[in-house]
Amino acid sequence: MPPDVAENLIVFKTALAEVVPSKDSSDLLVATWNLRAFGDLTAKWHAKPGDSPVRDWYSVACIAQVVSRFDVIAVQEVRRNTTALQFLLEQLGDNWRVIVSDVTEGGPGNGERLTFLYDSTRVQPSGLVGEIVLPATVEGPAEQFARTPYAASFVRGSAEFTLTTLHVIWGADPRARLPEITAFAEWMRDWADRTDRWNQNLLVLGDFNLDRIGDPLFEAFVSTGLWPPTELNAIPRTVFDNDTAKHFYDQIAWFSDPDGESLLTSLTYTRRAGSFDFLPHLLGGLTRAETSWRISDHYPLWVEFHLAP
């Protein structure tokens, strides 16, 4: 690693530590991040003009610094080409593992995989891995998700929990996203109401392409009892958010009862949550758009839970 890269990563790590809590023996840090077109990368520390892709080793090393702050993180937009993902795992070190879906085929699938990265010294898979497929109706086969939602269960201490991640199809007309969001919220509610195993501590996280609080997309998302923490309401989601353009694309949520009490067991939300704005801390001199192709156009989103003894 070149000296300038090592020095920059130390500065970047220090900035991260001021925003994201340190890992503690009694906590659990869960995150989600849409990593823009996370597929191939240029095999050098600093991409030069004309290199394609512009994402290079330094960019992925910065991404690794962010990922390493969490116990488990759901990542969207990992592509069919897993070169960048493999290099990310190398940067994270031997204790990190990955659970990754196959590509959802077809144009709307966009060649994307859904991925969980986890620190094996802090959490372990507890057995369940699966994709959400909608059942047929009396009218015939159901229209499936553009990118099949992906679920995996984990355990840390006394808490077993299941994460389900989704990247809702994008469209210029927000109404095109409504069927997926509605179907997903209803499916998760049905899952939470089952009496079988692996339906406790269900958390959903990912890029739901929600525009704003109170609009039909957001209302569909929360209609079955999913609760996104209020601490995330004012948090910017993308590098392009500003005072006149705010989005709620990325979310982390879990179920609550009609009185607003969390249905999580062995996990207590600490009221600490946020995102990390990496723009001021790396790749100075580049535009937001240029940085988005090296790191991402989305910020990572995280929440902290306290483990029951």
Side-chain angles (χ1 to χ4, degrees), residues 21 24 26-32 70-74 116 123 126-128 130 132 134-135 145 149-166 168 177-235 237 248-275 301-309:
D24 184 83
S26 62
D27 69 11
L28 172 72
L29 288 162
V30 177
T32 183
F70 308 112
D71 295 320
V72 58
I73 181 170
F116 297 105
V123 300
S126 59
L128 175 71
I132 292 179
L134 299 176
F145 297 95
Y150 198 47
S153 65
F154 298 90
V155 62
R156 171 158 165 73
S158 60
E160 184 175 6
F161 56 97
T162 298
L163 305 180
T164 303
T165 187
L166 173 63
V168 168
R177 306 172 219 159
L178 189 57
E180 282 201 345
I181 294 171
T182 301
F184 180 75
E186 291 176 348
W187 174 277
M188 294 302 302
R189 179 76 260 177
D190 289 343
W191 189 359
D193 290 341
R194 296 174 198 161
T195 58
D196 299 330
R197 195 181 174 211
W198 278 319
N199 72 331
Q200 300 297 310
N201 290 339
L202 297 178
L203 291 94
V204 305
L205 66 175
D207 181 359
F208 297 90
N209 278 316
L210 306 178
D211 285 331
R212 62 190 64 83
I213 291 177
D215 77 353
L217 299 180
F218 188 87
E219 291 304 313
F221 181 71
V222 301
S223 63
T224 64
L226 285 171
W227 182 78
T230 55
E231 286 76 13
L232 295 178
N233 286 351
I235 297 296
R237 274 19 181 215
F248 294 85
Y249 294 159
D250 307 278
Q251 293 289 341
I252 303 174
W254 52 93
F255 284 104
S256 59
D257 65 21
D259 295 324
E261 292 296 321
S262 171
L263 296 183
L264 297 177
T265 60
S266 300
L267 290 174
T268 303
Y269 174 50
T270 65
R271 303 285 174 182
R272 293 210 292 179
S275 64
L301 205 67
W302 59 270
V303 296
E304 181 190 57
F305 298 99
H306 182 77
L307 297 171

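Since the model is a prediction, treat every value here as computed from it, not as a measurement. Residue numbers run from 1 in the order of the sequence given.
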Between the CG atom in Leu128 and the CZ atom in Phe154, the distance rounded to the nearest 0.5 Å is 10.0 Å
If you measure from OH on Tyr150 to OG1 on Thr165, what distance do you get to the nearest 0.5 Å?
11.0 Å
Taking side chain as C-beta onward, heavy atoms only, is Asn201 less than 4.5 Å from Thr162?
no
Asp207 side chain near Val168 side chain, heavy-atom distance below 4.5 Å
no
Distance (rounded to the nearest 0.5 Å) between Phe248 CZ and Asp215 CG:
9.0 Å
Might you point out which heavy atoms bring Pro21 and Trp302 nearest each other, and give the distance in Å?
CD-CH2, 3.4 Å
Rounded to the nearest 0.5 Å, what's the gap from OG1 on Thr224 to CG on Leu226? Could you check?
4.5 Å
Heavy-atom check, side chain of Ser266 versus side chain of Phe305, under 4.5 Å:
no
Leu205 and Leu163, any side-chain heavy atoms less than 4.5 Å apart
yes
Looking at Arg177 and Asp211, does any basic side-chain N land under 4.0 Å from a carboxylate oxygen?
yes
Can you tell if the side chain of Leu307 reaches within under 4.5 Å of the side chain of Leu267, non-hydrogen atoms only?
yes
Over all heavy atoms of both residues, which pair between Trp227 and Pro229 is shortest? Give the atoms and the distance, please.
CH2-CA, 3.3 Å
Taking all non-hydrogen atoms of both residues, which atom of Ala273 and which atom of Val303 are closest, and how far apart?
CB-CG1, 3.7 Å
Going by heavy atoms in the side chains, are Val30 and Asp71 under 4.5 Å from each other?
no
Show the nearest heavy-atom pair for residues Gly214 and Glu219, with the distance to one decimal.
CA-OE2, 3.5 Å
Heavy atoms only: give me the nearest Gly274-Leu232 pair and the separation to one decimal.
N-CD2, 3.5 Å
Rounded distance (nearest 0.5 Å) linking atom CZ of Arg156 with atom OG of Ser26:
8.0 Å
Close side-chain approach of Arg237 to Leu301, heavy-atom, < 4.5 Å:
yes
Examine Arg212 relative to Phe218 and say whether NZ or CZ is less than 6.0 Å from the centre of the six-membered ring and inside a 45° cone about the ring axis.
no
Heavy-atom distance under 4.5 Å between the side chains of Glu231 and Arg271, does that happen here?
yes
Can a salt bridge be assigned to the pair Arg189 and Asp193 using a cut-off of 4.0 Å between side-chain N and carboxylate O?
yes
When the ring planes of Phe184 and Phe208 are compared, do they come out parallel, tilted or perpendicular, using 30° and 60° as the limits?
tilted
Quick one, Trp254 with Phe161, criterion ring-ring contact (aromatic ring centres under 6.0 Å, His included). Give me CA distance, side-chain angles, the key distance, then yes/no.
CA-CA 11 Å; Trp254 52 93; Phe161 56 97; over 10 Å; no
Separation between CD1 of Ile73 and OG1 of Thr32, rounded to the nearest 0.5 Å:
7.0 Å
